[in-house]
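Working notes, beginning with the structure itself.
Here is how names work: the chains are called A, B, and so on, in the same order as the sequence lines, proteins then strands, and each is numbered from 1.
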Number of protein chains: 2
Amino acid sequence: MSSEVEHVTPKYYLLKTEVLGLMAGLQPGTLIPTERALAEKYSTSRTTVRQAISELVAEGKLGRIQGHGTFVAPPKVTHVRQLTSFSDDARTQGLRPDSTLIALNVLRSDAEAAAHLELEPGDPVTRLERIRLIEGEPLAHEIAWLPGKLPRFKSNLAKAGSLYAVLADVYGVKVADVEDTVETALAGPEDVRLLGIEMGAPLLVVHRLARDAAGAPVEWTRSVFRGDRFRFVSRVKSGS
Amino acid sequence: MSSEVEHVTPKYYLLKTEVLGLMAGLQPGTLIPTERALAEKYSTSRTTVRQAISELVAEGKLGRIQGHGTFVAPPKVTHVRQLTSFSDDARTQGLRPDSTLIALNVLRSDAEAAAHLELEPGDPVTRLERIRLIEGEPLAHEIAWLPGKLPRFKSNLAKAGSLYAVLADVYGVKVADVEDTVETALAGPEDVRLLGIEMGAPLLVVHRLARDAAGAPVEWTRSVFRGDRFRFVSRVKSGS
DNA sequence: GATCAACATTGGCATAGACCAATGGTGTTG
DNA sequence: CAACACCATTGGTCTATGCCAATGTTGATC
């Protein structure tokens, strides 16, 4: 009497649990059975197997490479963000951060950047686009807008690595106050290309507005983090 | 020569763009064509249409009801979290917050709760499980653990509504410092049941640890927010 | 032995079709 | 007029199958 009306929990979800069982105790990187093998083993279709595995990939528990196989993924990277920078955060945890510079130039601000930085559209802004890596793995795509033109910015940044360090030490800009907005999004073609993730993977999109002690905006940044490898931490102390 | 080698962008992703075009200018709540109609209109299969629509639903741009149809979703609710509570946050934005009490009891802490609250496993803790609603819509599932037993907690909480207000006004517990951890997850059967979302929908899972001025933990909470309706904001001022 | 072509394997994308479940309307019945 | 049974519509799940794309191995060739 239990083989007729059991359509409460979808089959693919039960399969997810089965696969989690298979993974228990396996080292990260270990290959699990192929989709076709799992479909046969659990008497289901590959479509259903793929739906189960896709969610486990989205949750960061599995990874997969076309032509190679599906494997147990390494654990999430915990990341702390306070008034510090990406690089400082990573080093605090004993991880090796790195950056790939995609673009750095001075241009006239569009309406959106101008609004956030409290400028007039067309005012000059510095636009910095980078890929942030941890332990060699791309983790985030970041575009930062800074008001005005910063002399010798490129070489200074290359020297120090950390944006916040350069702003403070070279240009005397001290960040006193930041507001982060965190929301979810799904990976599109550009995210796939830049971060090496798969279509539709969940992302954390963080917008940061930093101000100096006088309340003037000094940085507006849009960061796209891999949702499967990243954890966002914010600490707040009671003001007064 | 452009009809052979075009497998760069998946078809379902192109369809997503098409559907976004259809939605332009429509009021929230407006029904879009049925899956079967879209499949025919764009000469594709319902499977492909569903994949496109599923992602738009996950992004909070569409909603759907079985037996009824697929419709344009209302915009995201922005939510501010500082040292304040869910209810205060909502009221600040002129929104009507509400809570449904699922469970409230005193029990012996398990290993996880004990570790976060810096107690011994088995020490008494108060466990508060609620559904948080905004404008009548379920938005989050929240389980809070508080150290020890709080006399007359249930009636006091019912009176004030806000957990933080009760802690401060009735029990003299002042929150001085909170740490929030934000990560993504996908909806399982329990989330589906409690929040009225669909399987596999992206979620924001927030763990909060609150401490008093002496550094003692006073609250540990796990909140599951709908990723399609919610935006997390954290403001940090430079300490000293 | 090194290089390169061919092939098998594995995941990625898409199709067509079937049946279930929830919703809402229609029409009958009391 | 209200209540109820029925039914069409619409999304939800699953199957079976095909071909494409990336990877890695095998084996022939130089």
How long is the line joining CD1 of Ile197(A) and C1' of dG12(C), in whole Å? 16 Å
Do the ring centers of His79(A) and Phe86(A) come within less than 6.0 Å of each other? yes
Cationic N near anionic O, under 4.0 Å, Lys61(B) to Glu55(B): no
Roughly, in whole Å, what's the span from CG in Leu38(A) to P in dT10(C)? 11 Å
Side-chain N or O of Thr44(A) less than 4.0 angstrom from OP1 or OP2 on dC14(D)? no
Atom CD1 of Ile65(B) and atom P of dG12(D) are separated, to the nearest Å, by 10 Å
Would you kindly check whether a donor in the side chain of Arg36(A) faces an acceptor in the base of dG11(C), or vice versa, at under 3.5 angstrom? yes
Out of curiosity, Arg36(A) CZ to Glu40(A) CD, how far, rounded to the nearest 0.5 Å? 12.0 Å
Looking only at the side chain of Gln66(A) (C-beta and beyond, no hydrogens), which of the listed nucleotides dT10(D), dA22(D), dC14(D) gets closest? dA22(D)
Nearest whole angstrom, please: distance from the P of dA14(C) to the CZ of Arg50(A). 11 Å
Less than 3.5 Å between a donor and an acceptor, one on the side chain of Thr47(A) and one on the base of dA16(D), is that the case here? yes
Considering only dA16(D), dG24(C), dG12(C), which nucleotide approaches the side chain of His68(B) most closely? dG24(C)
Nearest whole Å is fine: how far is dT10(C) P from Glu40(A) CD? 12 Å
Among dG11(D), dC14(D), dG12(D), the one nearest any side-chain atom of Glu198(B) is dG12(D)
For His141(B) and Glu129(B), test the side chains for any donor-to-acceptor distance below 3.5 angstrom and give the result as yes or no. yes
Using the side chain to side chain donor-acceptor pair (under 3.5 Å) rule, pick out the option among Thr181(A), Thr221(A), Asp180(A) that qualifies with Arg208(A). Asp180(A)
Could you tell me how far apart Leu62(A) (CG) and dG12(C) (P) are, to the nearest whole angstrom? 12 Å
Heavy-atom nearest nucleotide on DNA chain C for Pro33(A) versus Tyr13(B): which residue maps closer to 5'? Pro33(A)
Phosphate OP1/OP2 of dG12(C) contacted by Lys11(B) side-chain N/O (<4.0 Å): no
So does Arg46(B) reach the base of dG17(C) with its side chain, donor to acceptor, closer than 3.5 Å? no
Just to confirm, is there a sub-4.0 Å distance from OP1 or OP2 of dT10(C) to any side-chain nitrogen or oxygen of Thr70(A)? no
From the candidates dT15(C), dC14(D), dG11(D), the one with an atom nearest any side-chain atom of Arg64(B) is dG11(D)
Here the distance between atom P of dG11(C) and atom CZ of Phe71(A), to the nearest Å, is 11 Å
N or O in side chain of Thr48(B) less than 4.0 angstrom from dT15(C) OP1/OP2: yes
Once you round it to whole Å, what is the distance between C1' of dT15(D) and CD of Glu35(A)? 15 Å
